[in-house]
Amino acid sequence: MRPGPTPKVPELPEVEVVRLGLEQHVVGRTIAAVDVLHPRAVRRHAGGPADFAAQLAGRRIAAARRRGKYLWLPLDNGDALLAHLGMSGQMLLRPATADPERHLRVRFTLDDPTPAPREPRRPLRSELRFVDQRMFGGLAVSAGGAELPGEICHIARDPVDPEFDDGLFLARLRSRTAGVKRLLLDQRLISGVGNIYADEALWLAMLHGDRPGNRLRKADVTRLLVAVRAVMAAALAQGGTSFDALYVNVNGESGYFDRSLEVYGQEALPCSRCATPIVRVAFMNRSSYFCPACQPRPRRRSRD
DNA sequence: ATCGCGACCTGGTTGC
DNA sequence: TGCAACCAGGTCGCGA
């Protein structure tokens, strides 16, 4: 069996697709058993793998929530199962008989849904599986975390949250000297934005990522927020359309990702606005892509 | 407090 | 052909 393509890194829209799938297929069901196949997957659970499993066994899943790239499943006792997909995490709902995935890390056996009175058909026994190749992701039980896990209280609301405060974001951005891309990636200011959508939003807003926060005009920040929401809405519209009832997957095979990219990964290709070749530069041990004409570097840069 | 950077992690790709 | 180096990047924690 050949390995599939490298999953795309989940940012807010991808995580929201997973949340929708969990909401539809897992909420209301009870965790019968938990099997931690790799301890690193629960490294952020203080009590270790055995305690992680013990605390979840018998609990009913009450809801599926998200803030930024964090997911959590509130449980019937007020605790929550907290999850981050990292770079390569997936949540899969699979028949219990399905072969284990190569990078299966944690397996949750779910009780069969209660059959309807007039429905003698036996429901399919299924498992929720946490699969993660690179293991930047992880799971934990958050004590009393149903409403908002304490572990993520430092994570800002995301731009899709109706309670996201645009004015507060503006004020905080403009109080900082760091470049606007770095600030976009700071989950304490705004959550859910990763390297890919940061580049896409900056291109759409025609801002260079090195523009210091405190030198942004109000109109720049307004444009940036519009852009962030636009790229996320577009991704969500294409990625969140459908998923198989037994397959909740962060890297659904929709292909929306590549089709809609304007700058990320597009080095040397012409900008769709002005035809200037897209430039790639090193940024925080990774890459930034931008159009040097549409997104002029701020002055006071020593290079270029 | 803020800033900037290294560590963590695996597997596909590139370069010699 | 073999093997080492590089690359992807979200988040945490550290030193300045």
Side-chain angles (χ1 to χ4, degrees), chain A residues 1-16 18 37-46 66-72 82-91 101-106 130-140 142 149-156 158 168-169 171-202 209-216 228 232 250-251 257-258 261 263-267 280-289 298 300-303:
Chain A
M1 184 193 308
R2 288 188 347 191
T6 303
K8 61 175 158 291
V9 176
E11 299 188 29
L12 186 153
E14 292 78 17
V15 178
E16 176 62 11
V18 175
L37 288 86
H38 199 305
R40 265 200 74 79
V42 297
R43 66 191 179 281
R44 294 175 69 180
H45 181 83
R66 180 189 58 74
R67 174 176 287 199
K69 301 168 206 167
Y70 278 94
L71 279 171
W72 70 98
L82 179 63
H84 196 289
L85 301 177
M87 292 182 62
S88 54
Q90 296 170 282
M91 288 288 193
E101 289 73 12
R102 179 160 172 193
H103 302 294
L104 177 60
R105 309 302 187 193
V106 181
F130 178 66
V131 177
D132 188 12
Q133 178 206 117
R134 274 172 261 192
M135 294 206 290
F136 277 40
L139 309 178
S142 173
E151 292 86 345
I152 62 167
C153 63
H154 63 290
I155 301 291
D158 59 63
L168 178 62
F169 178 67
R172 296 181 74 184
L173 262 197
R174 295 175 84 186
S175 74
R176 304 279 294 270
T177 59
V180 61
K181 177 168 179 182
R182 187 182 295 273
L183 297 172
L184 265 184
L185 296 177
D186 186 340
Q187 306 295 302
R188 293 165 302 184
L189 296 178
I190 182 172
S191 65
V193 182
N195 196 43
I196 297 161
Y197 291 129
D199 280 1
E200 293 298 303
L202 288 167
D210 288 346
R211 287 274 298 274
N214 61 5
R215 305 237 308 261
L216 294 172
V228 167
M232 288 186 169
V250 67
N251 67 331
F257 185 69
D258 293 331
L261 290 176
V263 287
Y264 181 82
Q266 310 298 305
E267 184 177 20
R280 170 187 179 273
V281 297
F283 171 79
M284 289 173 71
N285 281 333
R286 39 191 66 94
S287 295
S288 282
Y289 299 87
R300 274 182 61 81
R301 290 294 293 187
S302 54
R303 283 259 154 236

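In what follows, every heavy atom counts, from backbone to side chain, and hydrogens, waters and symmetry copies are set aside. So you know, we letter chains A, B, ... as the sequences are listed, proteins then strands, and number each from 1. Bear in mind that the values here come from a model prediction, so they are computed numbers and not experimental data.
- Atom pair A/Leu85:CG and C/dT11:C1' shows a separation of 13 Å (rounding to whole Å applied).
- Nearest nucleotide to the A/Phe136 side chain, out of C/dG10, B/dG11, B/dT10: C/dG10.
- Heavy-atom nearest nucleotides on DNA chain B were determined for A/Ser175 and for A/His38, and the one closer to the 5' end corresponds to A/Ser175.
- Between C/dG10, B/dG6, C/dC12, one nucleotide has an atom nearer to the side chain of A/Arg286 than all others, and that is C/dG10.
- Rounded to whole angstrom, the span from the CZ atom of A/Arg280 across to the P atom of C/dA8 amounts to 5 Å.
- The side chain of A/Arg40 has B/dC9 as its nearest neighbour among B/dC9, C/dA8, B/dG4.
- B/dG4 atom P lies 9 Å from atom CE of A/Met284, rounded to whole Å.
- Put simply, CZ on A/Phe283 is 10 Å from P on C/dG10, counting in whole angstrom units.
- Residue A/Ser88 places no side-chain N or O under 4.0 Å from the OP1 or OP2 atom of B/dT10.
- Following rounding to the nearest Å, A/Asn195 (CG) and C/dC7 (C1') show an atom-to-atom distance of 13 Å.
- Of the candidate nucleotides C/dC12, C/dG10, C/dA8, C/dC12 has the atom nearest to the side chain of A/Arg44.
- Across all their heavy atoms, A/Arg176 and A/Arg172 have their closest contact at CG-O, 3.1 Å.
- Closest to the side chain of A/Gln133, out of B/dT10, B/dC9, C/dT11, is B/dT10.
- Summarising the geometry, atom CZ belonging to A/Phe169 is positioned 4.5 Å from atom CD1 belonging to A/Ile190; distances are rounded to the nearest 0.5 Å.
- Scanning both residues, A/Val263 and A/Asp199, for their nearest heavy atoms gives CG2-O, 3.5 Å.
- For A/Arg176, taking side-chain heavy atoms from C-beta onward, the closest of the listed nucleotides C/dC12, B/dC9, B/dT2 is B/dT2.
- To the nearest angstrom, P of B/dC3 lies 14 Å from CG of A/Leu185.
- In terms of the side-chain hydrogen bond (donor to acceptor under 3.5 Å, both in side chains) criterion, residue partners of A/Arg211 (sequence neighbours excluded) are, by chain and number, A/Asp220.
- You'll find that the side chain of A/Ala178 is closest to B/dG4, out of B/dC9, C/dT11, B/dG4.
- Under the side chain to side chain contact (heavy atoms under 4.5 Å, CB included) test applied with A/Tyr70, the options A/Ile152, A/Leu85, A/Asp158 reduce to a single match, A/Ile152.
- If you check C/dC12, B/dC9, B/dC5 against the side chain of A/His154, the one that comes closest is C/dC12.
- With C/dA8, C/dG10, C/dT11 as the candidates, the nucleotide lying closest to the side chain of A/Glu11 is C/dG10.
- Of the candidates C/dC12, C/dG10, B/dC3, B/dC3 carries the atom nearest the A/Leu183 side chain, counting heavy atoms from C-beta on.
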